[in-house]
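Please read all numbers here as calculations on a predicted model, not as lab measurements. Numbers restart at 1 for each chain; the letters A, B, ... are given by sequence-line order, proteins then strands.
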Amino acid sequence: QKEVEQDPGPLSVPEGAIVSLNCTYSNSAFQYFMWYRQYSRKGPELLMYTYSSGNKEDGRFTAQVDKSSKYISLFIRDSQPSDSATYLCALRKTSYDKVIFGPGTSLSVIP
Amino acid sequence: KAGVTQTPRYLIKTRGQQVTLSCSPISGHRSVSWYQQTPGQGLQFLFEYFSETQRNKGNFPGRFSGRQFSNSRSEMNVSTLELGDSALYLCASSGTSVLEQYFGPGTRLTVT
């Protein structure tokens, strides 16, 4: 079983839709959870990070962590064509530990 | 503030050769991490350097090595290249907020 699993997609939604992206993980030692966005032929870009369980909102993006279920989510409200990219979840056991990335979900927002 | 820069951007090498990739972090950042990204394995951690010392290491063979200089610039070296080493090699730097990693554009290595 991989440490972090993520539906690879591709996920295709109409502009304005609410997008839900998810990851599951197997090791309960993970405490730090990040979401990255990667456009084609670019390096990943950090969207947000959270510590432990709970929600965090930043503009149109909301990150949600449920440690009891080992499940993390990223919600994108009012999706835009510019949101079309691959979204990677990333986890860390401590703030100084190595980062483990999920395989990524490809998202396409259709105008 | 300039972002993370990586050189070269593209590289073609022959199996058995060695290669050195370079990364210049954001000014003031002391941590540099290296990752390998392939379609099959995704983004995998190679190693992290902080103040010229390796702080973390991933599960890659000893053919993959790195170093960091006093100005925080970092290099990674791959010896005895194999076809499977073809990948996008990404460098990321972080400053006082270690959770905020900033990635460079990557070096696309093709091994023939």
Side-chain angles (χ1 to χ4, degrees), chain A residues 1-10 21 23-27 29-52 54 56 58 61 63 65 72 74 85-106, chain B residues 2-7 9-10 21 23-26 29-51 53-60 64 66 87-110:
Chain A
Q1 185 185 8
K2 288 189 175 181
E3 280 195 286
V4 185
E5 308 225 30
Q6 196 175 357
D7 187 335
L21 303 164
C23 283
T24 58
Y25 60 96
S26 55
N27 192 331
F30 288 120
Q31 297 190 77
Y32 295 88
F33 307 92
M34 287 75 71
W35 284 97
Y36 286 82
R37 175 176 63 196
Q38 186 173 23
Y39 291 114
S40 181
R41 302 188 183 280
K42 301 277 189 182
E45 170 194 10
L46 178 67
L47 288 173
M48 54 201 311
Y49 62 87
T50 57
Y51 169 70
S52 198
K56 185 174 182 179
D58 185 359
F61 299 90
V65 175
I72 62 175
L74 178 71
T86 296
Y87 289 80
L88 301 141
C89 63
L91 293 75
R92 263 177 146 154
K93 294 174 187 172
T94 71
S95 59
Y96 291 96
D97 196 13
K98 62 183 180 183
V99 182
I100 307 297
F101 279 86
T105 298
S106 175
Chain B
V4 177
T5 58
Q6 292 187 245
T7 57
R9 292 292 313 277
Y10 302 91
L21 311 181
C23 171
S24 292
I26 291 171
H29 284 190
R30 294 164 66 187
S31 169
V32 173
S33 297
W34 287 91
Y35 296 85
Q36 181 196 66
Q37 188 172 34
T38 59
Q41 298 298 318
L43 198 57
Q44 292 186 285
F45 173 79
L46 280 157
F47 28 66
E48 180 199 4
Y49 286 88
F50 179 81
S51 293
T53 301
Q54 189 179 85
R55 184 156 70 179
N56 282 300
K57 189 177 187 309
N59 299 323
F60 278 81
F64 292 82
L88 180 67
Y89 289 89
L90 291 156
C91 161
S93 75
S94 57
T96 51
S97 178
V98 295
L99 295 176
E100 295 183 18
Q101 282 195 326
Y102 297 86
F103 280 82
T107 294
R108 173 76 60 186
L109 172 65
T110 302

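- Heavy-atom minimum distance, A/Leu46 versus B/Leu99: CD2-O, 3.9 Å.
- Interface remark: A/Pro44 contributes backbone and side-chain atoms alike to the contact with chain B (heavy atom separation under 4.5 Å).
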Test log, rule side-chain contact (heavy atoms from CB on, under 4.5 Å), inputs B/Tyr35 and A/Val99: CA-CA 10 Å; B/Tyr35 296 85; A/Val99 182; 3.5 Å; yes
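- Here B/Leu43 is the residue among B/Leu88, B/Leu43, B/Val4 with the most heavy-atom pairs under 4.5 Å with chain A.
- Taking NZ of A/Lys98 as the reference point, atom NZ of B/Lys57 lies at 9.5 Å (rounded to 0.5 Å).
- The choice from B/Phe45, B/Phe103, B/Phe50, B/Tyr102 that makes the most heavy-atom pairs within less than 4.5 Å of chain A is B/Phe103.
- Taking chain B as the reference chain and counting heavy-atom pairs below 4.5 Å, the highest number among A/Gly43, A/Gly102, A/Pro103 is found for A/Gly43.
- Heavy-atom distances place no part of B/Ser94 under 4.5 Å from chain A, backbone and side chain included.
- Both the backbone and the side chain of A/Tyr96 come within less than 4.5 Å of a heavy atom of chain B.
- Listed options B/Gln37, B/Gln44, B/Glu48 were ranked by heavy-atom pairs under 4.5 angstrom with chain A; first place goes to B/Gln37.
- Neither the backbone nor the side chain of A/Glu45 comes within contact range of chain B, judged by heavy atoms closer than 4.5 Å.
- Within a 6.0 Å radius of NZ in A/Lys42, other residues, nucleotides and ligands contribute 12 heavy atoms or fewer.
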